[in-house]
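Note that the structure is predicted; figures quoted are calculated from it, not measured.
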Amino acid sequence: MRLFDELREQVRREQSLFAATRDFTSRLGETAVQDAITRHMTEVLQASGCAISRWEPESDRLVVERDYATDTQLKSDEEGAAYRLSEYP
């Protein structure tokens, strides 16, 4: 039974990666790609959410590009929210 469960989990991951690849190649806009990445990574990792941030070295801060959560009760960051690395959790 354990081997079957492992195989089923591997198939689920591969299906999710295939779906992510399909999404990435069907619409190549940066926003669409980031939305697909956060959504698919949340699903593959069985997480409650995923965020993409970019680092601005000149100001040593992270700026939120995308924040995706499966639970609307979870706090998510607004796009463009900035955090100094010295203050980031």
Q: Taking all heavy atoms of Arg61 and all of Ala82, pick out the closest pair and write down the distance.
A: NH1-CB, 3.2 Å
Q | Distance (rounded to the nearest 0.5 Å) between Asp60 CG and Arg84 CZ | A | 6.5 Å
Q: Would you check, one step at a time, whether the test side chain to side chain contact (heavy atoms under 4.5 Å, CB included) holds for Asp35 with Thr31?
A: CA-CA 6 Å; Asp35 287 342; Thr31 301; 3.8 Å; yes
Q) Would Met41 and Phe18 show up in the same hydrophobic cluster when neighbours are defined by side-chain heavy atoms closer than 4.5 Å? A) no
Q | Glu6 atom CD, neighbour heavy-atom count above 12 within 6.0 Å | A | yes
**Q.** Approximate separation, where rounding is to 0.5 Å, of Leu45 CG and Arg13 CZ
**A.** 8.5 Å
Q) What is the distance from atom OH of Tyr68 to atom CD of Gln34, rounded to the nearest 0.5 Å? A) 15.0 Å
Q) Strictly by modelled atom types, are Gln10 and Glu14 linked by a side-chain donor-acceptor pair under 3.5 Å? A) yes
Q. Taking NZ, NE, NH1 and NH2 as the nitrogens, is one of them in Arg8 or Asp5 under 4.0 Å from a carboxylate oxygen of the other?
A. yes
Q. Just by distance, do the side chain of Thr70 and the backbone of Ser48 share a donor-acceptor pair under 3.5 Å?
A. yes
Q | Considering all heavy atoms, the nearest Thr42-Cys50 contact | A | OG1-CB, 3.2 Å
**Q.** Stepwise side chain to side chain contact (heavy atoms under 4.5 Å, CB included) check, Thr38 with Asp67
**A.** CA-CA 7 Å; Thr38 55; Asp67 195 348; over 6 Å; no
Q.
In the structure I gave you, are the side-chain heavy atoms of Pro57 and Trp55 within less than 4.5 Å of one another anywhere?
A. yes
Q. Which atom pair, heavy atoms only, marks the closest approach of Val44 to Ser16?
A. CG2-CB, 3.2 Å
**Q.** Arg12 CZ to Gln46 CD distance, which is reported to the nearest 0.5 Å
**A.** 4.0 Å
Q. Got a salt bridge between Arg39 and Glu43, using NZ or NE/NH1/NH2 to carboxylate O under 4.0 Å?
A. no
